[in-house]
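Small disclaimer: the values here were computed from a predicted structure and weren't measured. Because only heavy atoms are used, hydrogens play no part in the values below, and waters and symmetry mates are left out as well, while side chains stay in. We number each residue from 1, following the sequence as shown.
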Amino acid sequence: MNSIASDSTTFTNKQWVFPLLLPCLLYALATLLSSHLMVNGQPLVIYDLELAAITAVLVLFGYRAVSGLFLLAALTLLLRPEGDFYDLLCYMAAACISYFLYTKSTGWRSAASFGRIKLTLQRIIWLCICNAVLNTLMNEAVYLLTTSNAGFIVAFKQLFTAETLVRIQGMMNGCVTGIPLFYTLLRIICRPKYWLTCLRAMKVQFSQNVSLLQFTLWAATLIALMSCLNIPFQGGVIFTFYSLILIFPLMLWSSVRIGYVFTTPVWTVMMIMLAKNNANFIAQNDDFMLHQVVVSTAIFIFTLTIVIMGVLARFNALRFEQLLHMGLTDPMTNMPNLRALQADIKTSPDSIVCLIQVPEMELFSRRYGLHFRARYQKKLAAYLREKLNADEKVYYHAGFGLLLRLEQPNWGRLSILYKSANTFRYLHNNQQLGFRSGLGYCRATPFCNDVYRLIGKLGIVSGLSLVNGKPENLEAQSSRAIESHIVGRTDIRTVLQKTLDNDAFVLMAQPIVSTRGEERYHEILLRMLDEEGRFISPDRFLPVATEAGLAPDIDLWVIKNTLKNMQLHPERCFSINLAPVTVCRTSFVHDVQLLLTQFGVDPQRIIFEITEADALSDTEQSQRTVISLKSLGCRVAIDDFGTGFSSHARLRDVSADILKIDGSFIREITENELSHYIVESFCHVAKMKNMQVVAEYVENEKIQRCLESMNVEWLQGYHIGKPVPLLTLV
């Protein structure tokens, strides 16, 4: 209860007591700091902070300050001369009108702290220029009303004298520099912690742009010049307002490099000192007023320059920080990105970088969109941050996972992170989703200048981690072997595209011989040469072609070049293998039909070999492809039958002409009784379906005789005939 009461009292003080008392105290301080000079028996305003004090109170407290201004007016009327009361009324009226116009122009942002580029111009126009002009006009009106022998013409002429110009510029100088100073002072009184905010703002820009030596030289030069201006006039040029001109570039440098928050109060203090010692650097002779006008104008223009340049420098610094933040942050998740990781590992090269890969996220992102992936990554990152030290970070990964930078982790911590990633559950549409993750890690030292290469290599071991169920180190021997395999696949991919573009594949033909004396035919086999002219086996480049989406193009290339050979030798018969993705392409049959027509080949002399998985799958497109090829007149063979462990029931639904039994059964047919029985059963069912049987991998005469005893119609293998280039086929 005491705490609640204390908070309530503090709130009341801020809301009503401060606006009531602070205007009186601040106006007294402003009167003390302002400078006036008697010239020809008349007061000349050199630097006026009283208008700035009232305006600062209005900017911070708004119309809650009216009660304090009434109290100030009452005390002035009771305790000060009548002229001071009229001056105060002019200040208050000008400040209230200017503040009203200012709030209408800026709206709810009017009480924001000074130094904002969007408000600076409006504050200069309304709170400084408009303020000073209105106050001058009101003073002349009061003079006209309170002086019996003052006519309108006399008052009008006074508006265009040098004294009035100096006074207006003195008030504008006071408003430009004094309002921010008094505003800051009031905010510190109301909330003392605001001092720390200002101090941090000064420290940030100072530490970024200025060295201690530069600051020391700047301060020493400034103190020396100020000393020359504030000691009694000695007759040398250095002791005149010439030194004031030298101060301007120093303050401009400070405004740009050290910053607005520091430079503005320093310049205000300097203005107070210079105004108090005005007579020291401007001699009161016949040219005094001319020099005073020149100095006043120069100070006002340069005050505006210092303020505007300081605000622009602060604005540019903030924009640079924003751009830097944007460059180091992913816009969707607001997490540090790979550039941030690159910068961090350069400063901490001995750290460990981990990649947590979630492959299943690709499937769910396709269904729910990229925002699902981003939300999952943010939630997982927040979950993992609880297990990291203060100097460790989580980074966004454009793939399906996260990156971690750890400082000297042990195996126990890595295991905990791996387990945490795999036990994390994400709530989506009232469903708890959990995904299996792999964690690959390595030391960042070898990759300080190439984080993208590091991430690529970590992708290798994160996949291995997913299989092995534990964190995997890139530097382990097994990981290096996988990396070598990946490098080999990328090299094959490059050669593959180059070979396809240049029509440089090699077609081989292996004979398939009939056991019943029928005309033999050949299976077309595809070969590819590397850059050194060596053959690359199909089991190495065909999977790469499938992953790259090149398999259908390669199959059409094989068909086209086979038919081109058959155009010269129409009596030949060939079988051609088709990739799974080719069978599922809707335009494939139409492309085959066009090629058959182009080369005038009898479709009966073409056999398309489709693997068991394609022919027996339940996909409608593969079934339609088989039926369409047969309708063209081509024959269809089921290749590598038996590898999919298919049943006789599935074989019952196959609509094909030829059954090619996988060589793994044929090799052991004479040694393994079970293999003998399986092949025999395949042959029996195929004959019931009126399908011819081809046995692959017939490697010796013993196997040949065994197959002939089973009445297998066709034999293929090195014992029957080795592959030869198609162009050399007799």
* Do W557 and D503 pass the side-chain contact (heavy atoms from CB on, under 4.5 Å) test, and can you show the C-alpha distance, the side-chain angles, and the key distance before you say yes or no? -> CA-CA 8 Å; W557 186 93; D503 289 337; 2.8 Å; yes
* **Short side-chain to backbone donor-acceptor contact, E609 and D639, under 3.5 Å** => no
* Check for a donor-acceptor pair, side chain of S709 on one end and backbone N or O of C706 on the other, with a separation under 3.5 Å. => yes
* **Least distance between heavy atoms, W714 atom then R520 atom** => CZ3-CA, 4.2 Å
* Without hydrogens or angle criteria, can the side chains of Y395 and D344 be said to hold a donor-acceptor pair below 3.5 Å? -> yes
* To do: Could you tell me which residues satisfy salt bridge (Lys or Arg N to Asp or Glu O under 4.0 Å) with E680, sequence neighbours excluded, listed by chain and number?
  => none
* Asked: If every non-hydrogen atom of C634 is compared with every non-hydrogen atom of D657, which pair is closest and at what distance?
  -> O-OD2, 4.3 Å
* Asked: So does F447 have more than 12 non-hydrogen atoms from other groups sitting under 6.0 Å from CZ?
  -> yes
* Verify the neighbour count for atom NE2 of H428: are there more than 12 heavy atoms of other residues, nucleotides or ligands below 6.0 Å? => yes
* Asked: If you take all heavy atoms of E696 and I661, which pair is closest and at what distance?
  -> OE1-O, 3.4 Å
* Mind checking whether Y383 and F424 have parallel, tilted or perpendicular rings, split at 30° and 60°? -> tilted
* **Any donor-acceptor N/O pair, N422 side chain to Y418 backbone, under 3.5 Å** => yes
* **Under 3.5 Å donor-acceptor, S351 side chain and R405 backbone** => no
* **N672 side chain to L674 backbone, donor-acceptor under 3.5 Å** => yes
* Using only heavy-atom distances, determine whether the side chains of E708 and T515 contain a donor-acceptor pair under 3.5 Å. => no
* For P552, the option from T582, D591, T546 that meets side chain to side chain contact (heavy atoms under 4.5 Å, CB included) -> T582
* Side-chain donor/acceptor of S420 to backbone N/O of I416, under 3.5 Å -> yes
* More than 12 heavy atoms from other groups under 6.0 Å of NZ on K560 -> no
* Specify the closest pair of heavy atoms between V693 and E713, including all atoms of both residues, with the distance to one decimal. => N-OE1, 3.0 Å
* Asked: In this structure, are over 12 heavy atoms from other groups packed under 6.0 Å from K498 atom NZ?
  -> no
* Asked: What pair of heavy atoms forms the shortest contact from P471 to L414, and how long is it?
  -> CG-O, 3.7 Å
* **Test item: N468 side-chain N/O and K470 main-chain N/O as donor-acceptor pair under 3.5 Å** => no
* To do: Describe, in one word, how the ring planes of F372 and F364 are oriented to each other, choosing from parallel (under 30°), tilted (30 to 60°) and perpendicular (over 60°).
  => parallel
* R667 vs E699, salt bridge (Lys or Arg N to Asp or Glu O under 4.0 Å): CA-CA, chis, key distance, verdict -> CA-CA 8 Å; R667 283 196 189 101; E699 297 178 347; 3.6 Å; yes
* More than 12 non-hydrogen atoms from neighbouring residues, nucleotides or ligands closer than 6.0 Å to NZ on K419, yes or no? -> no
* Can you name the closest pair of heavy atoms from L384 and A421 and give their distance? -> CD2-N, 4.3 Å
* **Euclidean distance, L578 CG relative to R585 CZ, rounded to 0.5 Å** => 12.0 Å
